Amino acid sequence: MTTYQIPSNDFGRQWSEVGEEVLGAVRAVGQSGWYVLGKEVAAFEQELGARLGAPAVGCASGLDALEIALRALDVRPGDKVLTTPLSAFATTLAILRVGAVPVFVDVDQAGLVCLDAAEAALQQDRTIRFFIPVHLYGHALDLDRLERLVAQGVTVIEDMAQAIDAKWRGRPVGTVGRAAAVSFYPTKNLGALGDAGALLCGDPAVAARARQLRDYGQSAKYVHEVVGMNSRLDELHAAVLRRALLPRLSRWTTRRSEIAARYRAGIKHRELVIPAAGEGSESVWHLFPLLVGGAGRAHLAEHLAQCGVHTAVHYPKLISEQAALHSAPFSIVGTLAQAERFARQELSLPIHPYLTDAEVEAIIEAVGRWASP
Ligand SMILES: *Cc1c(COP(=O)(O)O)cnc(C)c1O
């Protein structure tokens, strides 16, 4: 593995800041003698829900949060679920795991699912009753439009794995859909020291079903109402998240926003486009995507690597083109031209909160020195 002076994530610097508090959280859990679904999980769910504006149910990962939400909202094998082909594979994997059929529509200028295309698909095919929009890259989708779809009877599950604390015109993501999925995978804006996730759900009956599903389908000890799974949240993760990490999330988000503003002011290159999010988005900048013209992406990535700057691609291949989909039923409505452009041209610059001002300037300069092939 190559090491870069400026990596995409810097867990070393994060540990120097949070390590002592993390160890304190570990000690508290160890001394409690209770390791799964206990007081720490309950306290974390309480704080997370209060902060994000909807009751939270902890689970083992973002993927599980999506699957549990689909099942709690009664998706059946063969049901069609509208979604985006440009996302982490988990968005579609959750749909496949419940035996449902993904229906892909194109993305917009920012790379997020195109709501015009989604509305058209829902109009055209009334048998599509479910929609998983993704607040990709840390940008918020238009929640007013999502709310209208909910009012029309579409079951919307927001994938906010990349967008914790993002808002649309002051309104937090995750509060409009029937449920929302959060991930605490280490690279996410609020990342645990391992896998963890949560779903948000304002409907007490659906939340209660989610609580059963995450724990073997139990409604009480040894009473199994439904065929559930093991997606329990560990006390360790809950304690570390609540005691050491969640208190820092606002500061981390502010730092990400400062870096994004600096990039947007400083990067002027005629071969590069910085995709703009919707006007109402108060983004949390999980990633900082660029679109590199022509065949320049690999060349720019190589140039930045020479300068010690790690970059990544989100995402190099559309989900609809992955081998795992060869044997799964799915459909595409319209073209995926814009999503294909992102797959060909997108390159993400480092934007983690531990970047120093000098590093940010060094990245801007390195981008400025690049000459396209
Ligand atoms: C990370 C991610 C997920 C899945 O979360 P895990 O915790 O890794 O299972 C789902 N959707 C999106 C958009 C993600 O970025």
Side-chain angles (χ1 to χ4, degrees), residues 1-26 61-62 88 90 136-139 160-166 182-197 236-237 239-267 274 283-290 297 300-316 346-370:
M1 237 171 87
T2 327
T3 52
Y4 295 86
Q5 282 125 275
I6 306 182
S8 289
N9 292 288
D10 199 324
F11 295 111
R13 288 183 193 172
Q14 178 174 289
W15 181 257
S16 323
E17 190 198 345
V18 305
E20 280 312 309
E21 282 168 59
V22 168
L23 294 174
V26 171
S61 70
L136 197 70
Y137 302 140
H139 301 314
M160 53 177 288
Q162 300 190 359
I164 190 167
D165 269 353
V182 187
S183 166
F184 307 115
Y185 184 74
T187 61
K188 299 292 156 78
N189 287 26
L190 179 63
L193 277 70
D195 277 306
L236 274 177
H237 286 310
V240 168
L241 282 162
R242 183 177 67 90
R243 293 162 182 254
L245 307 178
L246 190 56
R248 294 185 161 86
L249 179 58
S250 291
R251 242 181 306 137
W252 286 337
T253 301
T254 301
R255 181 62 185 149
R256 285 175 185 271
S257 300
E258 282 170 10
I259 297 167
R262 191 58 208 113
Y263 280 157
R264 283 189 297 169
I267 294 174
I274 300 175
S283 305
V284 295
W285 300 100
H286 174 59
L287 297 169
F288 192 88
L290 295 173
R297 176 170 67 188
L300 174 57
E302 179 54 32
H303 164 77
L304 291 175
Q306 299 286 332
C307 304
V309 179
H310 185 248
T311 57
V313 171
H314 300 92
Y315 294 85
E346 194 279 343
L347 189 71
S348 304
L349 298 179
I351 192 162
H352 66 79
Y354 291 93
L355 284 173
T356 65
D357 289 346
E359 287 168 334
V360 173
E361 295 312 315
I363 292 167
I364 292 170
E365 260 173 53
V367 171
R369 281 198 310 273
W370 176 61

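Note that the coordinates shown come from a computational prediction; the quantities given were computed from them, not determined experimentally.
At a threshold of 4.5 Å between non-hydrogen side-chain atoms, the residues Phe184 and Leu241 count as touching. Looking at Leu249 and Leu246, their side chains come closer than 4.5 Å, going by heavy atoms from C-beta outward. Between Tyr263 and Ile363, the closest side-chain pair of non-hydrogen atoms falls below 4.5 Å. Counting heavy atoms from C-beta outward, Thr311 and Leu300 have side chains that stay 4.5 Å or more apart. For the pair Arg369 and Cys307, the minimum side-chain heavy-atom distance is below 4.5 Å. Residues Trp370 and Leu304 fail the side-chain proximity criterion, which asks for heavy atoms closer than 4.5 Å. Side chains of Ile259 and Arg262 form no contact here, defined as non-hydrogen atoms less than 4.5 Å apart. In this structure, the side chains of Arg243 and Glu21 stay at 4.5 Å or more apart for every pair of heavy atoms.
The structure places CG of Leu290 at 7.5 Å from CD of Glu346, a figure rounded to the nearest 0.5 Å. Between the CG atom in Leu287 and the CG atom in Leu347 there is a gap of 11.0 Å [rounded to 0.5 Å]. The distance from the OG atom of Ser257 to the CD1 atom of Ile351 is 7.5 Å, given to the nearest 0.5 Å. Between the CD atom of Gln14 and the CG atom of Leu193 there is a distance of 7.0 Å, given to the nearest 0.5 Å.
Taking every heavy atom of both residues into account, Pro350 and Ser8 meet most closely at CB-CA, 4.2 Å. The nearest pair of heavy atoms linking Arg242 to Pro247 is O-CD, 3.3 Å. Closest approach of Pro186 to Phe11, counting heavy atoms only: O-CE2, 3.4 Å. Considering all non-hydrogen atoms of both residues, Ser183 and Gly62 come closest at CB-CA, 3.9 Å. The heavy-atom pair separating Trp285 from Arg256 by the smallest distance is O-NH1, 3.2 Å.
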* Asked: Taking it one step at a time, do Gln5 and Glu359 satisfy side chain to side chain contact (heavy atoms under 4.5 Å, CB included)?
  -> CA-CA 9 Å; Gln5 282 125 275; Glu359 287 168 334; over 6 Å; no
* Asked: Does the pair Phe288 and Ile274 meet the rule for a side chain to side chain contact (heavy atoms under 4.5 Å, CB included), with working shown?
  -> CA-CA 8 Å; Phe288 192 88; Ile274 300 175; 3.7 Å; yes
* When you look at Arg13 and Thr356, which way does the side chain to side chain contact (heavy atoms under 4.5 Å, CB included) test go after all the steps? -> CA-CA 11 Å; Arg13 288 183 193 172; Thr356 65; 4.1 Å; yes
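Between the Gln162 side chain and the Tyr137 main chain, a donor and an acceptor come within less than 3.5 Å of each other.
Around CD of Glu20, the count of heavy atoms belonging to other residues, nucleotides or ligands within 6.0 Å does not exceed 12.
The pair Arg255-Glu17 does not count as a salt bridge, with every side-chain nitrogen at least 4.0 angstrom from each carboxylate oxygen.
Side-chain contact of His352 with Asn9: a donor-acceptor pair under 3.5 Å is absent, judged by distance alone.
For the side chain to side chain contact (heavy atoms under 4.5 Å, CB included) with Val284, the lone residue among Ile164, Thr253, Leu190 that qualifies is Thr253.
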